[in-house]
Asks: 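Before I ask anything, let me first share the structure, which is written out below as structure tokens.
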Amino acid sequence: MDDRYNPEKVESRWQEYWEKNRIFRASEDESKKKYYLLEMFPYPSGKIHMGHVRNYTIGDVVARYKRMNGYNVLHPMGWDAFGMPAENAAIDNKTHPATWTYQNISTMKGQLKRMGFSYDWEREVATCKPDYYRWEQWLFLKMLEKDMVYRKESYVNWCEHCQTVLANEQVEDDSCWRCGEMVQQKKLFQWFFRITDYAEDLLIHCDKLPGWPEKVTLMQKNWIGKSTGSEISFKIETDACNAPCNDTSCKSKESNKDINKTQIKEDYIKVFTTRPDTLFGATFMCLAPEHPLVESLSKGTEQESAVAAFVDKISKQERSSSSIEKYEKEGVFVGAWCINPANGRRMPIYTANFALMEYGTGAVMSVPAHDQRDFDFAKKYNLDIVVVIQPKDRETLDPSTMIEACPDPGVLVNSGKYNGMDNFEAMDKITSWLEKEGLGKKTISFRLRDWGISRQRYWGTPIPVIHCESCGVVPVPESDLPITLPEDAHLLDNGGSPLPTLDFFKQAACPKCGRTDAKRDTDTMDTFVESSWYFVRYCSPHCSNAMFDKDAVKYWMPVDQYIGGVEHAILHLLYSRYFMRVLNTLGLIDFKEPFTNLLTQGMVLKETLKCPEHGYLFPEEAKISDGKASCTKCGKDVEIGRVIKMSKSKKNVIDPNDLLNKYGADITRLFCLFASPPEKGLEWNDDGVEGCYRFINRVWRLAALCMDIAKDVKAYNGPLAELSYSDAKKLYTKAHQTIKKVTDDIEGSFHFNTAISAVMELVNAMYSIELNAASSEEVKSVALFCIEHIILLLSPIVPHFAEEVWELMGKKSGTITEQSWSSYREDALVTDEILVVVQINGKLRSKFAIDANSSDELIQKTALADEVVQKYIEGKDIKKVIVVKKKLVNIVV
RNA sequence: GCCUGGGUGGCGGAACUGGUAGACGCAAGGGACUUAAAAUCCCUCGGAGCAUAGCUCUGUACGAGUUCAAUUCUCGUCCCAGGUACCA
């Protein structure tokens, strides 16, 4: 045996062995319990970084652990291979997105293999391959048939200079990241999945996912955002000119006529409100700038141009939620009024940037006294504030002295016949009254919006429809699938998709009428679509006549344990849940929830570095000392940015290759796990890796020692009571406690850091006893038991190392990968003495050891008799003594 | 802004359901072994103070509160991270 663990020699040897013997190949076997362990597949951005290493190490340990527990484990890996970075790289490096992507896949696959992960590589999928995305196109057609997809106009970020659509990430400070031009919004017809049809179901099942972290289901619930309230109709005031009159030259009459003819189908504005109880306090109305009434109501009034200018300004602004919130709340009077149905009040109608067309009805009844946003708006534009809810135990609210809105519950005032009523009761009463009058009803509204999937990009799944002037939108016939992405395309320097410029792709015959001048849709799908069903494809990745093999899916799905970054808590996980509902509705599967258990890993973080000349820098491109950094290329001062999640686009990534070259896969794996528990974020720093290296070698030497001195003895695994030496007893107990601790830590919470600590403690305990050739047979055989289980417990974490030691220890019954997980004896867990601490007034003053079976009375007596305790309680009244069994005594004096 | 988490020594972290704060490891300092170095082993290690075998006070972002007892529960404040619908 070498005197030290040699990763270079050992790791490749075992990797070859596993691969050659197809150890990790999974196949359906009805006689065995299945376990589908999945880690989120990576986007092939270049090289793997520590975030990947951490995620995949966690998964691999679980996979190996479950395998040792007798499960038939499916542990696949693949590539989320479509996406924008491939296009950006193609422009920057003058390559093709496919070339770049496949090269990255090859590099990253090599790195993953070098980590020794136990994947069944025979199931690898890459979403950019036609044999994958053809089934996505197929599903799109099925969804189209069932009206689960539709087209509508919606906005995209548009750079006029580059003549291209920008992703939110490509917009920096309202400007294009390539040219700096101010970004505008452009309306385009786009495809949407009707995810809102499942809003209620997705919401209800959030509470039926006990294997998910509560924070994730909570975030999803808030994202879906169900609110119950009322829809209320406000009559639009028709001015005097609409009454019969003889003045034919009246301008306003003309314009009103025009409105009646073309735009206004009903003369009511519908709002959604969660606070119908405050209806009497509604003093003005706010419409979303895109609301159809905004244009029609303002037309012909003196506000027309001001409104048009406002709408134009808003339409150019960014539309992401975070940006919208950034803008100051503002609005413009549209030149018309509506009538509050409760009290007949004339309410001016505004259009305001905080009213969102996507939410509710696109109109908000504003109650400034009881809503902060409305309050601010009313103050800004000098609008009336009327208090209608008076909280109990608070002085009477007075609009003239209020400095903020009061959203609290209370009793109704200024509300006609509802005065004095509790506001919760009033919600129902007012809504019922409105319902009777035909002016309102109870409604439910969701924050969740339909999923827009059209992307004006090249590197994605083509949307399989054809646009024909005669027939409109025509689905591509199933037999024509896949619609393959043309590979002989060159990315445009402006970042736009080349697809609309490729006539051979774009031109198509209409499948319905045969017209030869029809046009193929040149948009591709959002890449979240691919990742919403890849885990189903893994069950039968080579199935060529269907999206998946039903039996294989029935056997493997749902995923038993899903592991991935918490960054995906909402979008990816919600879309995947939605997709399973679609497949379920289409009768393709019989379950709805894809992931039974979920572990969301915390992000691996690193500061960003930005050089004024070279932009973002990789960590190795900057020299850092004393909190200052300089660029290795130009020497200029580098701005050290915030500590954020590792991502290729910000270049704050750590390539694991340096660690792998120096320490090998096992120590890298061990260190990643030891550094912190998985759910916690981790600011990257490899300072502790040396300790892991030392630990592995301590175990290595310990194994060598045991083999040397205990050649002729067998490992002891009998009852604790049959041991006689105190060293042997202590060690034996410690070993069983360690097995329990490690098992519990993995099983309960995946807290590998504390599991590893426990093994370290056992190793330390072995080093602390006299262990040599002269030791008793009993101590030797307990030591042998310990080292065998140390290796078994560590084997999912450091598998190469464990295989090597296992083999060197002369284990003949197969590799360690195929061994059973260690089990502990209850009888060996208990010690006969316990430590009791004594507090006086909650402060620790003394401790003593006592027989583990002592009664509370005896413990209390012993505590009071304690010498140190005596000193403290002398001459004082003992008010109370609290005994926490087998642990603590607190004496209150 | 909004939603969700988090904040414990010089550092990563530990502490079961409210019951010994700092397990395990890193770094640092001291020592042993060695011609030397590496490796290995041993000791110290939150802060302050004192009459220094030890003892006392203080300490889990900050400020209040509940409790015999709070890192743990409640309220408020600050800071950091993730998401915010076209990054994946």
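Numbers restart at 1 for each chain; the letters A, B, ... are given by sequence-line order, proteins then strands.
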Asks: How does protein reach along nucleotides 53-81 of chain B, written 5' to 3' as B (base within reach of a heavy atom under 4.0 Å), S (only sugar-phosphate), or - (no contact)?
Replies: ---SSS---------BS-----------S

Asks: Separation of I756(A) atom CD1 from rC26(B) atom P, in whole Å?
Replies: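 In whole Å, rC26(B) P and I756(A) CD1 are 13 Å from each other.
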
Asks: side-chain hydrogen bond (donor to acceptor under 3.5 Å, both in side chains) with R319(A): which residues, sequence neighbours excluded?
Replies: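 For R319(A), the residues satisfying side-chain hydrogen bond (donor to acceptor under 3.5 Å, both in side chains) (neighbours in sequence not counted) are E290(A).
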
Asks: Can I get a per-line list of side-chain donor-acceptor pairs under 3.5 Å for residues 738-748 of chain A, giving both atom names and the distance, sequence neighbours left out?
Replies:
residue	atom	partner	partner atom	Å
T738(A)	OG1	K734(A)	O	2.6
K740(A)	NZ	D744(A)	OD2	2.7
K741(A)	NZ	D745(A)	OD1	3.4
K741(A)	NZ	D745(A)	OD2	3.3
T743(A)	OG1	I739(A)	O	2.6
T743(A)	OG1	W821(A)	NE1	3.1
D745(A)	OD2	T754(A)	OG1	2.8
D745(A)	OD2	A755(A)	N	3.3
E747(A)	OE1	Y65(A)	OH	2.4
E747(A)	OE2	K66(A)	NZ	3.3

Asks: Mind checking what makes side chain to side chain contact (heavy atoms under 4.5 Å, CB included) contact with N157(A), not counting sequence neighbours?
Replies: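 Result, side chain to side chain contact (heavy atoms under 4.5 Å, CB included) vs N157(A): L166(A), N168(A), V171(A), V183(A), Q185(A), E318(A).
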
Asks: With the sugar-phosphate defined as primed atoms, P, OP1 and OP2, and the base as all remaining atoms, what B/S/- string results for nucleotides 39-46 of chain B, 5' to 3', for protein heavy atoms under 4.0 Å?
Replies: SSS-----

Asks: With sequence neighbours left out, what residues match I453(A) under side chain to side chain contact (heavy atoms under 4.5 Å, CB included)?
Replies: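 Result, side chain to side chain contact (heavy atoms under 4.5 Å, CB included) vs I453(A): F140(A), W191(A), F193(A), W451(A), M525(A), D526(A), V529(A).
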
Asks: With R642(A), which residues qualify under side-chain hydrogen bond (donor to acceptor under 3.5 Å, both in side chains), at least two apart?
Replies: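 Here no residue qualifies.
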
Asks: Can you find a donor-acceptor N/O pair under 3.5 angstrom joining the side chain of Q456(A) to the base of rC86(B)?
Replies: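 Counting by modelled atom types and ignoring angles, a donor-acceptor contact under 3.5 Å is found here.
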
Asks: Looking across every strand, which nucleic acid part, if any, lies under 4.0 Å from P42(A) by heavy atom: base, sugar-phosphate, or nothing?
Replies: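 Touches nothing.
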
Asks: Paired stems touching RNA chain B, three or more consecutive Watson-Crick or G-U pairs with both distances under 3.5 Å?
Replies: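 When the pairs of RNA chain B are grouped into runs of at least three, the stems are B:1-7 with B:78-84, B:10-12 with B:24-26, B:28-32 with B:40-44, B:46-50 with B:54-58, B:61-65 with B:73-77.
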
Asks: Would you please name every residue forming a side chain to side chain contact (heavy atoms under 4.5 Å, CB included) with R194(A), sequence neighbours left out?
Replies: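 Applying side chain to side chain contact (heavy atoms under 4.5 Å, CB included) to R194(A) gives D147(A), Y150(A), D197(A), D450(A).
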
Asks: Once side-chain hydrogen bond (donor to acceptor under 3.5 Å, both in side chains) is applied, do any residues pair with D866(A), and if so which ones, sequence neighbours excluded?
Replies: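 Partners of D866(A) under the side-chain hydrogen bond (donor to acceptor under 3.5 Å, both in side chains) test: S846(A).
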
Asks: Identify all side-chain donor-acceptor contacts of residues 569-576 of chain A below 3.5 Å with residues at least two apart in sequence or on another chain.
Replies:
residue	atom	partner	partner atom	Å
H572(A)	NE2	Y562(A)	OH	2.7
S576(A)	OG	H572(A)	O	2.8

Asks: Who are the side-chain hydrogen bond (donor to acceptor under 3.5 Å, both in side chains) partners of Q163(A), not counting sequence neighbours?
Replies: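 Partners of Q163(A) by the side-chain hydrogen bond (donor to acceptor under 3.5 Å, both in side chains) criterion, ordered by chain and then number, come out as E160(A).
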
